[in-house]
Amino acid sequence: MADSKAKAKKAKKPNAFVRIWSYLRACWGEIKKITWTNPKVATKSFIVVLVVILVSGLFIFGLDRLLYFLLDLVMKTSGS
(Lines give C-alpha, C1' and ligand atoms only; values in the text may rest on other atoms or scores of the structure.)
Protein backbone atom coordinates (compact mmCIF):
# COMPACT_ATOMS: atom_id res chain seq x y z
CA MET A 1 0.00 0.00 0.00
CA ALA A 2 2.77 2.45 0.95
CA ASP A 3 4.73 1.49 -2.15
CA SER A 4 1.80 2.32 -4.42
CA LYS A 5 1.36 5.75 -2.77
CA ALA A 6 5.07 6.52 -3.14
CA LYS A 7 5.00 5.47 -6.80
CA ALA A 8 1.87 7.54 -7.46
CA LYS A 9 3.43 10.59 -5.79
CA LYS A 10 6.65 10.17 -7.75
CA ALA A 11 4.74 9.74 -11.01
CA LYS A 12 2.79 12.99 -10.47
CA LYS A 13 5.88 15.15 -10.03
CA PRO A 14 7.59 15.98 -13.34
CA ASN A 15 11.31 15.85 -13.89
CA ALA A 16 13.37 18.75 -12.47
CA PHE A 17 14.54 19.78 -15.94
CA VAL A 18 10.96 19.81 -17.20
CA ARG A 19 9.94 22.05 -14.29
CA ILE A 20 12.87 24.42 -14.90
CA TRP A 21 12.09 24.57 -18.63
CA SER A 22 8.44 25.28 -17.85
CA TYR A 23 9.45 28.06 -15.43
CA LEU A 24 11.78 29.65 -17.99
CA ARG A 25 9.07 29.55 -20.67
CA ALA A 26 6.66 31.26 -18.27
CA CYS A 27 9.28 33.91 -17.47
CA TRP A 28 9.89 34.55 -21.16
CA GLY A 29 6.15 34.95 -21.70
CA GLU A 30 6.01 37.55 -18.93
CA ILE A 31 9.01 39.42 -20.37
CA LYS A 32 7.24 39.61 -23.74
CA LYS A 33 4.30 41.38 -22.05
CA ILE A 34 6.47 44.28 -20.84
CA THR A 35 6.08 47.53 -22.76
CA TRP A 36 9.47 49.22 -22.96
CA THR A 37 9.77 52.96 -23.38
CA ASN A 38 11.66 54.41 -26.28
CA PRO A 39 14.99 56.18 -25.64
CA LYS A 40 13.50 59.66 -26.20
CA VAL A 41 10.95 59.24 -23.39
CA ALA A 42 13.55 57.66 -21.11
CA THR A 43 15.93 60.58 -21.69
CA LYS A 44 13.21 63.15 -20.96
CA SER A 45 12.25 61.33 -17.76
CA PHE A 46 15.91 61.15 -16.72
CA ILE A 47 16.33 64.91 -17.23
CA VAL A 48 13.17 65.63 -15.23
CA VAL A 49 14.45 63.48 -12.37
CA LEU A 50 17.83 65.25 -12.41
CA VAL A 51 16.18 68.68 -12.36
CA VAL A 52 13.91 67.71 -9.46
CA ILE A 53 16.89 66.36 -7.51
CA LEU A 54 18.89 69.52 -8.19
CA VAL A 55 16.06 71.87 -7.20
CA SER A 56 15.21 69.96 -4.03
CA GLY A 57 18.90 69.75 -3.11
CA LEU A 58 19.32 73.50 -3.53
CA PHE A 59 16.17 74.12 -1.48
CA ILE A 60 17.40 71.91 1.36
CA PHE A 61 20.85 73.53 1.20
CA GLY A 62 19.30 77.02 1.38
CA LEU A 63 17.04 76.03 4.26
CA ASP A 64 20.00 74.51 6.10
CA ARG A 65 22.10 77.66 5.65
CA LEU A 66 19.18 79.84 6.80
CA LEU A 67 18.62 77.76 9.93
CA TYR A 68 22.34 77.79 10.77
CA PHE A 69 22.37 81.57 10.31
CA LEU A 70 19.36 82.00 12.60
CA LEU A 71 20.86 79.64 15.18
CA ASP A 72 24.14 81.53 15.06
CA LEU A 73 22.24 84.82 15.48
CA VAL A 74 20.38 83.46 18.51
CA MET A 75 23.52 81.97 20.08
CA LYS A 76 25.52 85.21 19.71
CA THR A 77 22.62 87.28 21.06
CA SER A 78 22.09 85.09 24.13
CA GLY A 79 25.82 85.10 24.98
CA SER A 80 26.11 88.87 25.18
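What you see below is based on every heavy atom in this structure, not just the backbone, and it leaves out hydrogens, waters and symmetry mates.
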Has S45 got a side-chain atom pairing as donor or acceptor with V41's backbone, closer than 3.5 angstrom? yes

One should read off an interatomic distance between F61 CZ and L54 CG, to the nearest 0.5 angstrom, of 12.5 Å

Nearest 0.5 Å please: distance from the CZ atom of F69 over to the CG atom of L73. 5.5 Å

Reference residue V55; test side-chain contact (heavy atoms from CB on, under 4.5 Å); the match among L58, V51, V52: V51

Go through the steps to decide whether V49 and I53 satisfy the test side chain to side chain contact (heavy atoms under 4.5 Å, CB included), and finish with yes or no. CA-CA 6 Å; V49 168; I53 289 172; 3.8 Å; yes

